[in-house]
Protein chains: 2
Amino acid sequence: MKAAYGEMASGRFGQKISDATVGRLSRYFRTLKYLEERGVDTVSSEELARRNNITSAQVRKDLSFFGAFGRRGLGYNVRELKLNISHILGLDKEWHLALVGVGNIGLALLNFKQFQEQNFHFALLLDSDPRKIGTHLVGLEVKNLENLTVEVKKAHVDIAVIAVPVEAAQKVADALVAAGLRAILNFAPISLFVPQDVTVRNENMVIDIEHLSFSLTQANTK
Amino acid sequence: MKAAYGEMASGRFGQKISDATVGRLSRYFRTLKYLEERGVDTVSSEELARRNNITSAQVRKDLSFFGAFGRRGLGYNVRELKLNISHILGLDKEWHLALVGVGNIGLALLNFKQFQEQNFHFALLLDSDPRKIGTHLVGLEVKNLENLTVEVKKAHVDIAVIAVPVEAAQKVADALVAAGLRAILNFAPISLFVPQDVTVRNENMVIDIEHLSFSLTQANTK
DNA sequence: AATTGTGAACCTCTTCACAGCT
DNA sequence: AGCTGTGAAGAGGTTCACAATT
C-alpha cells in the first residue's frame, strides 16, 4: 500500500490510477507471459478475467486508463498487450536495487529468482554490522550503511529494499530519501513517513497471517 | 487479498468486515503493543491515527464494528484495547502452521522471528524433493508431500503456507483444502482457486516491486 | 473540555449494459 | 456475431460532523 500522504500516478487522461489497478496489471502481465509461452496469440477480456478471478469489465476498465489495446469482436493480441503492459509498468527497463539489511529476509531476497527474471537486480548491499561489512554475497561486497548516500549514487540505485529491524527502519528511510531515492519496498512492520513524491510499498507477512487467524476465528464465532 | 469467490467475515451486527479494516486492526495492535511496552496506559483515536497515517474517524469506525472499547472524553485504555483486538484477530490462541515447500523462501520463513513472537508456530514441514525429505530443520523433520493429508492431521495444522514453485501451487492448494484446511498464505505468484469458505492471502513481492517501477515510470512521464 | 461512537455525506472502485467496431 | 471501450449505476469504503458521554 501507499504510505504517508502519497500521491497516485496518473493515466492517459490524467486520471488517478488506483493501487488495485496497478496490482491487476501485474497479474495480467504474468497471465500474458504464460499464454505467450504456450503459443496463444489472442485472448479475450473474459479469459484474462477468468484466470484472475475477476470480472471482464474490470479487465477492460483497467486497460482503458492507458489506451485501447484490443480489437472489437476479436480480443487482444497476447504479445502486443504484454508489451504494452510491460511498458506501462516500466518492466522494459532494468532496475537497480539496494538491499539495506543483510539478514534473514535480505538473504532470501538476494536469492529470489523472480526479481532477477523481471529485470530487478541488486546492485548494492548495505549493513551496519561490522562482521558483515566487507563480506561478499552473490558477487557483491556488503558496504557500510554509514556510507549510504555515496554508495547509492555509485551503484545508480533506483529502488531500495528495507530489511532492517523495525527500530532502524525510519532512520534508513530518511537516509534513502535524502539520498534522492523515490521508491521503497519496506519489510519492516511499521508505517514509514516519507514525502509525497516517494512511493512506499509495505511487505508485511505478519499482517497477512493475522488476517488468516481472524478469518478462522470469525468462522468459528458464527 | 482474498482469492476466488471469497466470503468476508462479519462483525458484531453481522456486517461484512473489509480486508482493509482487518489489516488496520493488525496495525493498531502493533501500535498498542509498542505503547504498552513504554508504559503508556491511555491513547486517543487521534494518536492511533497519527501513528498509522490515517484519520481518527477511520480508527473509531474500524473499532465500532466490534464494540465500544473507549471512554468518551478520555480515549482508550491501551492494555484493554490491545486485549480486545488480540481477541478479535485470534491472537490469543496458538496457531499451528504447515510449511509446504522448503526452498529459499520457506527457509527464510522458518527463521522469521515475528511469526513465533505472535504465536504462529511451524508444526509441519512438507516437500517433494527426496533429498530434503527426512532432513531436520528448526527441530522438525521434513515430511513427504505425498503424505500431506495424514501429516496435516497429525500436526493439528490450522494454517498452511504455500512456498512451492508456481506450477505446483494449485495442486498443493487442492490437497490442503481436501485435508480440511481453511486458511492459506500463498507465496506462489498465481491466483489460487479455492472454495468460498477457504481464505487465501497472497504474498506477492513481484507485484509490489512492479508497483514501484510503475510509480517511477509514471513520475518521469509527467 | 475532551473524545468517543455513528448516521449521513462523500468519494472511490466495481459492475452493468450497450453503443461502436471488426 | 462477437468482443471491446466506456458512461452510468451500484456497491463499498472513508470522512464529516455532531450528539452522547465522561
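Quick note on labels: first sequence line is chain A, next is B, and so on, each numbered from 1. In what follows, every heavy atom counts, from backbone to side chain, and hydrogens, waters and symmetry copies are set aside.
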Return no unless some side-chain N or O of S18(A) is found under 4.0 Å from OP1 or OP2 of dT12(C). no

Verify whether one side chain among T42(B) and N77(B) offers a donor that lies under 3.5 Å from an acceptor in the other. no

Interatomic distance, CD@E94(B) vs OG@S213(A), rounded to 0.5 Å, equals 12.5 Å

Please step through side-chain contact (heavy atoms from CB on, under 4.5 Å) for the pair L216(A) and K93(B), ending with a clear verdict. CA-CA 11 Å; L216(A) 293 173; K93(B) 307 184 193 71; over 6 Å; no

Whole angstrom is fine here: how far is it from CG in N53(B) over to P in dT14(D)? 14 Å

Might you point out which heavy atoms bring S45(A) and R60(A) nearest each other, and give the distance in Å? OG-NH1, 3.1 Å

Report the nucleotide, chosen from dT14(C), dT14(D), dA17(D), that has the shortest atom-to-atom distance to any side-chain atom of A20(B). dT14(D)

Side-chain N or O of S45(A) closer than 4.0 Å to phosphate OP1/OP2 of dT4(D): yes

Rounded to whole Å, how long is the line connecting atom CZ of F69(A) with atom P of dT6(D)? 11 Å

Rounded distance (Å) that lies between atom C1' of dT3(C) and atom CG of L63(B): 13 Å

Looking at R50(B) and E47(B), does any basic side-chain N land under 4.0 Å from a carboxylate oxygen? yes

First encountered from the 5' end of DNA chain C, between V43(B) and L74(A): V43(B)

Calculate the interatomic distance between D19(B) atom CG and dT14(C) atom P; express it in whole Å. 12 Å

According to a strict under-4.0 Å criterion, is T55(A) in side-chain N/O contact with OP1 or OP2 of dT15(C)? yes

Let's see if you can work this out: which of dT22(C), dC18(C), dT6(C) has an atom nearest to the side-chain heavy atoms of K61(B)? dT6(C)

Write down the distance between CD (Q58(A)) and P (dA11(D)), rounded to a whole number of angstrom. 16 Å

What nucleic acid atoms does R60(A) come within less than 4.0 Å of, heavy atoms only: base, sugar-phosphate, or nothing? base

How long is the line joining CG of D62(A) and P of dG5(D), in whole Å? 12 Å

Expressed as a whole number of angstroms, how long is the span from K16(B):NZ to dA11(D):P? 15 Å

Within the structure, does a side-chain N or O atom of Y76(B) lie under 4.0 Å from either OP1 or OP2 of dG5(C)? yes

What integer distance in Å separates R72(A):CZ from dG5(D):P? 6 Å

Quick check for you: among dA17(C), dC3(D), dT6(C), whose closest atom lies nearest to any side-chain atom of A57(A)? dA17(C)

